[in-house]
Structure formats: structure tokens, C-alpha cells
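Structure first, commentary second.
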Number of protein chains: 2
Amino acid sequence: MSALAGDNRLPRYQRLADALRARIVDRSWKPGDRIPSENVIAEQFGVAPGTARQALAALVDEGLLERQHGRGTFVRRPSFDQSLFRFFRFSGAAGERLIPESRILRRSVDVMPSEVARQLGVSEGSEGIAMDRLRLIDGAPILAEQIWLPLPRFQPFLAIDPADIGPLLYPIYDASCEQTVARAEESLTAEAADATLARLLRVARGTPLIVIDRLARDYAGDALEWRRSRGPAERFRYRTEIR
Amino acid sequence: MSALAGDNRLPRYQRLADALRARIVDRSWKPGDRIPSENVIAEQFGVAPGTARQALAALVDEGLLERQHGRGTFVRRPSFDQSLFRFFRFSGAAGERLIPESRILRRSVDVMPSEVARQLGVSEGSEGIAMDRLRLIDGAPILAEQIWLPLPRFQPFLAIDPADIGPLLYPIYDASCEQTVARAEESLTAEAADATLARLLRVARGTPLIVIDRLARDYAGDALEWRRSRGPAERFRYRTEIR
DNA sequence: GGTGTATAGTTCTATATAGAAGTATAAAAC
DNA sequence: GTTTTATACTTCTATATAGAACTATACACC
């Protein structure tokens with residue numbers, strides 16, 4: 001039976017939630033893993049089952065855990081790649097979801113722009129991996145992406161043959177660099193296509209483009225990836241509900 | 001003690017939540033009201049206090065209620081007007097929030113466009129109130145709005161002198177027509193400014209504009225207002241967190 | 001008038017317990 | 001081999017209860 005650490009002025013269920021969150025952050029529980037049952041946890045930490053449930057509910061609320069009636073409690077596997085679909089309406093003939101192909105235009109090591117370095121939380125003038133990609137559906141370009149990865153954290157990524165890099169990057173980060181993207185902040189605006197982007201995306205200069213900036217972080221909150229994606233606004237629609 | 005209505009295969013806390021939600025929908029509990037305490041509710045409906053708490057928590061989650069430790073449980077007062085600030089970065093010199101002034105350009109009764117009628121859930125060819133507004137900060141236009149309100153629901157709104165209509169419409173709907181906006185669906189894209197919008201917003205033709213479509217609904221889910229707002233993309237930035 | 005104090009009412013935290021409902025696996029029956 | 005049954009384990013629902021923490025109000029006191 002582990003004791004509950006932390007400020008004991010805080011409620012027990014919160015301290016328990018902190019303890020469980022720590023296990024996810026330090027990767028002793030990995031995405032997809034089943035964690036012990038609520039009764040076992042309650043016993044291990046010496047709290048009532050109801051208190052354990054409250055802690056678990058809080059972590060479900062944070063998006064860290066997923067519970068399945070009768071099966072168990074699992075570390076949620078973050079999947080963002082579908083998040084693009086909340087933005088762009090790529091749909092096949094049958095309206096099914098499809099993941100755009102990826103064509104890597106460039107990958108190099110360079111000094112990061114100061115704004116990127118700042119957002120990634122590394123010192124000004126640091127080097128990082130720069131990658132430009134074009135995303136296409138049926139050969140038609142729909143998204144131009146600029147990506148920056150900090151070094152040395154992503155050093156192993158450089159060893160991967162670009163030909164082996166599929167459209168989904170986060171599983172690759174996970175497998176090759178043990179970096180798990182847990183959440184991301186996105187910020188969205190629009191601008192007119194300049195000559196370069198117009199050529200890339202095969203639209204007229206001045207065509208309105210949606211610009212999505214994304215900063216991806218791991219469970220600990222460290223920034224892992226900076227990404228800017230641009231696509232023709234015409235294909236773009238973002239929906240949300242407010243209350 | 002009221003009995004718990006509804007399908008008794010559903011959990012009690014859900015049926016209790018349904019019963020409480022109904023009181024908000026039928027306006028016997030209005031926004032800002034304090035509702036009975038959890039113990040009173042538990043007794044009234046013949047459930048355990050814990051079950052009542054679970055029902056209340058569900059409604060808090062839906063955004064219908066707000067609880068304050070030691071004070072009570074209140075019907076949440078929906079306030080959307082700040083929702084604009086999640087989108088546009090209007091900030092004064094001190095960075096304080098400010099509500100853009102409003103200039104009403106037109107108000108008339110017309111046959112609704114079929115798409116608007118469809119979204120408002122009224123029959124094709126129905127008449128409604130059309131209103132065009134310009135939102136300005138320090139005299140500079142930043143948002144052009146087109147608004148449609150269904151008739152006869154909003155008949156009393158026509159009696160209001162446009163000069164008496166301030167920037168915030170929802171409180172006016174509430175006071176004059178007893179229509180409370182409880183939630184809204186927004187959908188967002190971008191387009192190039194045509195000649196009319198360019199003149200209105202004082203930008204060059206072809207300038208990228210953000211387009212926000214909003215469908216506002218009451219607690220019962222009836223559509224109350226259709227609104228399309230357009231502003232220069234340059235002043236626009238939408239932020240969200242995904243996980 | 002202003003300050004502290006008691007009191008009642010509220011939500012929040014925590015415990016203990018019982019059984020329902022869903023899932024997976026192994027054993028039994030056919 | 002296939003289907004059914006039993007079993008164990010999981011989360012979910014529901015009850016009952018006690019006290020902590022917070023808020024507002026009325027009252028006594030100076």
C-alpha cells in the first residue's frame with residue numbers, strides 16, 4: 001500500500017489522481033495499457049473505492065484514461081490525425097474518411113526561427129529538424145506543412161529514410177524517439193496565398209488559405225513539434241458548439 | 001415527493017437529470033435562479049443524496065447548471081457575447097476586453113433564403129426578420145453581420161426602435177420576446193472579400209475574410225437565430241486545445 | 001457604527017456496502 | 001467442433017452516513 005504524497009490540504013481524490021497521472025507521465029503506464037481495477041487501486045492507496053472512482057473520473061475528464069464497462073480502465077491512446085477531419089472536409093466518393101498521402105519536399109537540420117524556438121521552449125539559436133511536406137488526395141495538393149522538431153530529442157528521426165515515412169508522423173515519433181504526443185494547442189487564422197504557396201497548392205495567388213499552427217506536447221507538457229499547415233479555405237470548415 | 005418518470009431501464013440519476021432539465025427547458029427555473037439544494041431534491045424525488053449529486057453533476061457537465069460551494073446550485077446564465085473574443089483579437093490599448101459598437105444598417109421583413117429557413121427549421125418561403133449590422137471599434141469596422149430571425153416568434157422585436165438596440169442582442173431577445181439563447185453551433189471558414197464587403201469593411205477586394213456561421217438555439221433545441229459574420233482574417237485568431 | 005460570534009444552510013469530501021450490468025475465459029454439454 | 005453454462009472480474013448504479021469547508025445572516029458586544 002503506497003501512501004498518498006503531496007500537500008495533504010488537498011483532497012485525497014486529487015492527490016490520488018496526481019499519483020496516477022504521474023505513472024502515465026513517466027511512461028510506467030503507456031497508451032493502450034490496462035491499469036489496475038478501481039478496487040485494487042483503492043486498496044493499494046488505502047482509500048475507499050468511491051474515492052478511487054472519483055480520482056479515475058477526474059483523469060477520464062482530462063482525457064488521460066478511458067473506462068470500459070466490464071473490461072477495465074485503459075490509458076487513452078491519443079489520436080490526432082483524425083483531428084484534421086474536424087477542419088478539412090476531405091471525403092471520398094462514399095464520404096468515408098481518408099488520410100491524405102504525404103510527399104516530403106525537404107528535410108534538413110537548421111537554426112530555428114526564434115519564434116519557433118520560443119514556442120518549443122528551447123534556447124534561441126538552437127538547431128532543429130525542419131521538414132516540409134505536401135499532403136495530397138488523389139494527387140491533388142490540399143495542405144502544405146512546415147514542421148520543426150527540437151534536437152537532440154529527435155536525433156533518431158534523422159536516421160529514418162524519408163521513403164519510409166508515411167502520412168502519420170506521431171506513431172513514428174513514438175516508435176523511433178519514444179516521444180508520445182499527448183495533446184496539442186492549435187491556433188487558426190487565414191491569409192492570402194503568396195507566389196510559393198500558390199504554386200505548391202495549385203491555386204491562384206491571393207486565394208484565401210486557412211493557416212493552422214499546432215504545438216504538440218507530451219504528457220509532461222514539453223513541446224515536441226511545431227507545425228504550420230496551410231490549405232485552400234474553400235475546402236475548409238471548422239465546426240464547434242458553444243454554450 | 002415526485003415520482004421519477006421515464007423509462008425505468010435507465011439509471012435513476014439519468015431520469016432525475018431529465019426531470020431537472022425539463023424544469024429549465026420549460027422555464028420554471030430561469031437562468032440565474034437558485035434551485036433547491038441537493039438534499040431537498042433527493043428527498044423530493046425519493047433518491048439517495050449521492051444519486052442526486054450524480055444527476056446535478058451531469059447537468060453541470062452539460063453547461064446547464066453551476067454549483068458554488070456553500071452558496072447553492074444555479075441555472076447557468078449563458079453568455080456568448082464573449083465568445084467573439086475567442087475568435088477575434090479586439091483589444092484596447094490596455095488589452096482589456098471590449099464589446100464592439102453596433103451600427104444597424106437595415107432591418108426588414110422578407111422571405112428567407114431557403115438555406116436559412118431550413119436551418120431555422122421553418123417551412124420554405126416563410127417570412128422572417130432580416131437585419132444587417134456593422135460592428136466597429138473606435139469607428140473602424142471589423143465585422144459585418146447578417147441576421148435572420150423567424151416569425152412570428154420574434155414579432156415583438158420589430159416594435160423596438162433600432163436606436164434602442166445595443167450591441168448585445170441576446171438580452172434583448174430575452175426581454176422582449178422571452179427567447180433565451182442556450183447554446184449555438186458555429187461553423188467557420190474563409191473567403192475573399194467581394195466588392196460590397198470590401199467597401200463595408202474598408203479593405204481591398206480579395207482580402208481574406210473569416211466567415212462565422214452561427215445557429216443559436218434555446219434550451220428546447222429550437223433554432224432562434226441565424227447569423228453570418230465576416231471580418232478581416234488578419235484580426236482573427238481562433239485557439240483550441242485538442243487531446 | 002463597527003467587530004466579532006454563533007448558527008443554519010449549502011456544497012464538497014470521504015467512507016462503507018450491496019448488487020446490477022457488462023466482458024472474458026474456462027468448463028461442460030451437445 | 002460448436003454451443004451453452006458457469007465463473008470470475010470489471011465498471012456502474014444506488015444507498016446511507018458523517019463530517020469538513022464555505023457562505024450568508026442574525027445577534028451580541030464593544
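In what follows, chains are A, B, ... by sequence order, proteins preceding strands, each numbered from 1.
- Of the two residues near DNA chain C, A:Y13 and B:G72, the one whose nearest nucleotide lies more 5' is B:G72.
- A:R214 has no carboxylate O lying under 4.0 Å from a charged side-chain N of A:E225, or vice versa, which leaves the two without a salt bridge.
- The distance from atom CD of B:E66 to atom P of D:dC22 is 19 Å, rounded to the nearest whole Å.
- In the model, A:T180 has a side-chain atom that pairs as donor or acceptor with a side-chain atom of A:R27 under 3.5 Å.
- We find that CZ of A:R34 is positioned 12 Å from C1' of C:dT25, with the value rounded to whole Å.
- Distances shorter than 4.0 Å separate some side-chain N or O of B:T51 from OP1 or OP2 on D:dT15.
- Residue B:R67 places at least one side-chain N or O closer than 4.0 Å to OP1 or OP2 of C:dC12.
- Along DNA chain C, the nucleotide nearest A:Q14 and the nucleotide nearest A:G70 are compared for position; the residue whose nucleotide lies closer to the 5' end is A:Q14.
- In this structure, B:E43 places its CD atom 15 Å from C1' of C:dG9, rounding to the nearest Å.
- In this structure, A:N39 atom CG and D:dC12 atom P are separated by 12 Å, rounded to whole Å.
- In this structure, A:T73 reaches the D:dT11 phosphate: one of its side-chain N or O atoms is under 4.0 Å from OP1 or OP2.
- A side-chain donor from one of A:T73 and A:R67 sits under 3.5 Å from a side-chain acceptor of the other.
- At C:dT23, none of the side-chain N or O atoms of A:Q68 fall inside 4.0 Å of OP1 or OP2 (strictly under the cut-off).
- An OP1 or OP2 oxygen of C:dG22 is reached within less than 4.0 angstrom by no side-chain nitrogen or oxygen of A:R71.
- Between B:R15 and B:D18 there is no salt bridge, since no side-chain nitrogen of the basic residue lies less than 4.0 Å from a carboxylate oxygen of the acidic one.
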